[in-house]
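First the structure, in the form of structure tokens, and then the observations on it.
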2 protein chains.
Amino acid sequence: MASRGKATILDIARKAGVSKSTVSLVLQGSALIRPETALRVRKAIEEVGYVYNRGAANLRKAHSNVVGMVINDLTNPFFAELAVGMERVFQSAGIVPFIANTAESPVRQGEVLKSLMEQGVAGLIVSPAHGTSPDAFEHVRSAGIPVIFTMRRLSGSRIPVVVPDNPRGAFLATRHLIGKGHRRIAFLGGFPDMVVYHERVGGYREALAAHGIAADEALVIQGDTNRKGGMSAIDTALAFSPAPTAAMCFNDAVAFGAMTGLRKRGLEPGGNFAIVGFDDVAEAQHYMPALTSVAVDTAGLGERAAHTMLNMIRAGTTCAENHIGAISLIVRDSCGPDITEARRSA
Amino acid sequence: MASRGKATILDIARKAGVSKSTVSLVLQGSALIRPETALRVRKAIEEVGYVYNRGAANLRKAHSNVVGMVINDLTNPFFAELAVGMERVFQSAGIVPFIANTAESPVRQGEVLKSLMEQGVAGLIVSPAHGTSPDAFEHVRSAGIPVIFTMRRLSGSRIPVVVPDNPRGAFLATRHLIGKGHRRIAFLGGFPDMVVYHERVGGYREALAAHGIAADEALVIQGDTNRKGGMSAIDTALAFSPAPTAAMCFNDAVAFGAMTGLRKRGLEPGGNFAIVGFDDVAEAQHYMPALTSVAVDTAGLGERAAHTMLNMIRAGTTCAENHIGAISLIVRDSCGPDITEARRSA
DNA sequence: TCCGTGAATTAGAACGTTCCAAAAGACAAA
DNA sequence: TTTGTCTTTTGGAACGTTCTAATTCACGGA
């Protein structure tokens, strides 16, 4: 019986009356082995409950079959979905994905990175933590290990990225608000040290400019990119006079927070105040009112990143083209009716 | 320079003018080595950009430093939070946690399990996928690898569990509704093939019985444990006559769905219908109305599970005591005022 | 009989660590 | 000088695979 210590390839060889080389070949599905021999070996494998030792194999093999996915915030469903999308692709390609969470801490990210390197990952897909230095992953890449950034890019880094078309998304969303008749539109959440922030605020400004609306810088309100940040940002926004009548939010979490904040002040999102989000998380459609948001096809981007990584690993390169994912505006109820129409019919 | 192929312990030895054994000892922080020698070695390590090869080390070591966390649904913030809590503990204990998602599929779970075994995990913490057979993890355990189930238990399995006190939670929540004057209380969501379901429904029934309320089996409505399930369950519940005036939900996701469903029918959660959830996810307090829910201290349970696992690994045992985590009812706005009082004052 | 060919199998040297047993060196006591 | 003890260092055999370069075998043709 398989007792003290696990069974090895050698135990199977003995049991099947072949050499360890033959067993190895069978394990790799080689066509060199005579089918009946292979069958005998496979039976032996079954009988002793053998489990393959990938660590030992990786010692010989050129490179391992594990890739690391370094995620900045796994408790955010948006990123969790991303991770799960990538995981699916890797799993079915026979490579083992390790998911690691950095909780937006560059320090944790460093530790996690060290662990993954020690495990001998064949590649790394990273959604970098807030505050990551642009060259934090350079030594990985220069060691010949492919790295891809996803969802967030680091300014000044030459590592390939897979990100949504943030400027276009913000542009479309803002244009939608303008089309509804809004003229004083706030931008809520985010900080200027993230590239995404500039991309989204840029799209927002571009839309305003395209419609000849003067941007009021006071209405661009920075803040945390979560519910709490949304609640305080909307408070700040409403303190101005004349108050904005609509808000483009950095992401859906901020939008949810803003909607709660509006209700606290007796305003009704989708009624007398319009809100647009960004990311289109699953919750957006179930919220009351259902949130109009920019869909970024999270799972699709994840899959794209994973496929790109697979190609890089196969090709043995650390280069790849950037991918800017298409976005689309999902119109739901949080922007209410056209306010010019409403005014006219009143 | 470190060029073709990574630097190994041997390169460092050469560079520092010592033997590979010495380098190994330094890497393990052994006190045997003379401090100045250690320093010289460490400098060499720094200079060549050496990265430790854990795979090679694990080949010799009794067991590895990685544990696997098998999660049924990472896109559910509740489980994501659990995973993150465990990860924190492991990371700071110097062991590497791998997070894997099974998407509630026993098949995926099997694949994931195989991968983890091949990586040579030292232990496994599992929140089993819906439909997992009770002995799915028996062979792991009998191979001497510690396994812990968390959040969900499998009937008939002898693997140690770390779970919240489900019966008590459901009891307290139901009692709260009864205290508000409700007599027709529905139980929404879940399926009888999960042990958790029986525990929670059990607590619900016990509370009813304790207050002399006859349980109406028609009001126990099975369904998916997500938003969609909640929406259809509340529809079913409201079709009965007399209709229930309150609902105890299997979890918060179901509760959110039920609240949406109520609004669709012109009822107001927290107004003329009372809702209680279970899990107290982060979103509960931000929802409108804020959801009264049973808090299970997710992160705490995760940490507890992780610590138990660490102990099991250290002790080399596959046994541990079950842990039933304390719960508490967090009262917010979704149950509204006492309806008997309301009736009296009307 | 001898040789060549091709298919199937195998021996043995890696891979980068750990760890045991032993060695080397320094010093004190006999 | 010899012996013993203690500290520090080291050689070399594992660990479980893969992979290259054989080796073996059967068969057909000369």
Side-chain angles (χ1 to χ4, degrees), chain A residues 2 4-42 44-45 48-66 96 115 117-122 143, chain B residues 2 4-42 44-45 48-66 96 115 117-122 143:
Chain A
R4 300 269 122 247
K6 319 249 196 134
T8 81
I9 217 183
L10 219 71
D11 298 316
I12 297 175
R14 249 190 306 272
K15 184 144 188 144
V18 295
S19 77
K20 62 183 176 10
S21 305
T22 304
V23 178
S24 175
L25 259 356
V26 171
L27 248 19
Q28 297 167 74
S30 165
L32 282 178
I33 304 296
R34 197 152 44 100
E36 24 184 330
T37 310
L39 204 71
R40 195 149 37 94
V41 171
R42 261 188 275 273
I45 288 178
V48 303
Y50 164 78
V51 335
Y52 185 71
N53 183 334
R54 239 170 243 282
N58 286 340
L59 206 48
R60 282 297 331 248
K61 293 243 267 260
H63 54 225
S64 79
N65 76 139
V66 342
V96 184
S115 274
M117 292 296 287
E118 291 182 356
Q119 295 297 332
V121 290
Chain B
R4 301 268 121 247
K6 322 252 197 131
T8 81
I9 217 181
L10 219 70
D11 299 316
I12 298 175
R14 247 190 307 272
K15 183 144 190 144
V18 296
S19 77
K20 62 184 176 8
S21 305
T22 305
V23 178
S24 175
L25 259 356
V26 171
L27 284 172
Q28 296 166 75
S30 165
L32 282 179
I33 304 296
R34 197 153 42 98
E36 22 183 332
T37 311
L39 205 70
R40 195 149 36 94
V41 171
R42 261 188 275 272
I45 288 178
V48 303
Y50 165 78
V51 336
Y52 185 71
N53 184 334
R54 238 172 243 283
N58 286 340
L59 205 48
R60 283 293 338 243
K61 295 244 268 258
H63 54 224
S64 79
N65 77 138
V66 343
V96 183
S115 274
M117 292 297 286
E118 290 182 358
Q119 295 297 335
V121 290

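By convention in this document, chain letters (A, B, ...) are assigned in the order of the sequence lines, proteins followed by strands, and residues within each chain are numbered from 1. Atom set for the values below is all heavy atoms of this structure, side chains included, hydrogens, waters and symmetry mates excluded. Quick caveat: nothing in here was measured; it's all calculated off a predicted structure.
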Exercise. Given Asn53(B) and Leu59(A), is the side-chain contact (heavy atoms from CB on, under 4.5 Å) satisfied, shown in steps?
Worked result: CA-CA 9 Å; Asn53(B) 184 334; Leu59(A) 206 48; 3.9 Å; yes
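- Take Ala57(A) and apply the side-chain contact (heavy atoms from CB on, under 4.5 Å) test, not counting sequence neighbours, and it matches Tyr52(A).
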Exercise. Can you give one letter per nucleotide of nucleotides 15-23 of chain C, 5' to 3': B if a protein heavy atom sits under 4.0 Å from the base, S if only from the sugar-phosphate, - if neither?
Worked result: BBBBB----
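- Side-chain nitrogen and oxygen atoms of Ser19(A) include none within less than 4.0 Å of the OP1 or OP2 phosphate oxygen of dT9(C).
- Of the N and O atoms on the side chains of Ser115(A) and Gln119(A), not one donor lies less than 3.5 Å from an acceptor on the other residue.
- The shortest distance between side-chain heavy atoms of Val48(A) and Asp11(A) does not fall below 4.5 Å.
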For this session: Using the side-chain contact (heavy atoms from CB on, under 4.5 Å) rule, take Val23(A) and Val26(A) through it: C-alpha gap first, then chi angles, then the decisive distance, then the call.
Result: CA-CA 5 Å; Val23(A) 178; Val26(A) 171; 5.6 Å; no
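- Within residues 30-40 of chain B, the residues having any heavy atom under 4.0 Å from DNA chain D are, by residue number, Leu32(B), Ile33(B), Arg34(B), Thr37(B).
- Residues forming a side-chain contact (heavy atoms from CB on, under 4.5 Å) with Ser21(B) (at least two apart in sequence, or on another chain): Ser19(B).
- With sequence neighbours left out, the salt bridge (Lys or Arg N to Asp or Glu O under 4.0 Å) criterion links Arg40(B) to no other residue.
- Partners of Arg34(B) by salt bridge (Lys or Arg N to Asp or Glu O under 4.0 Å), not counting sequence neighbours, listed by chain and number: Glu36(B).
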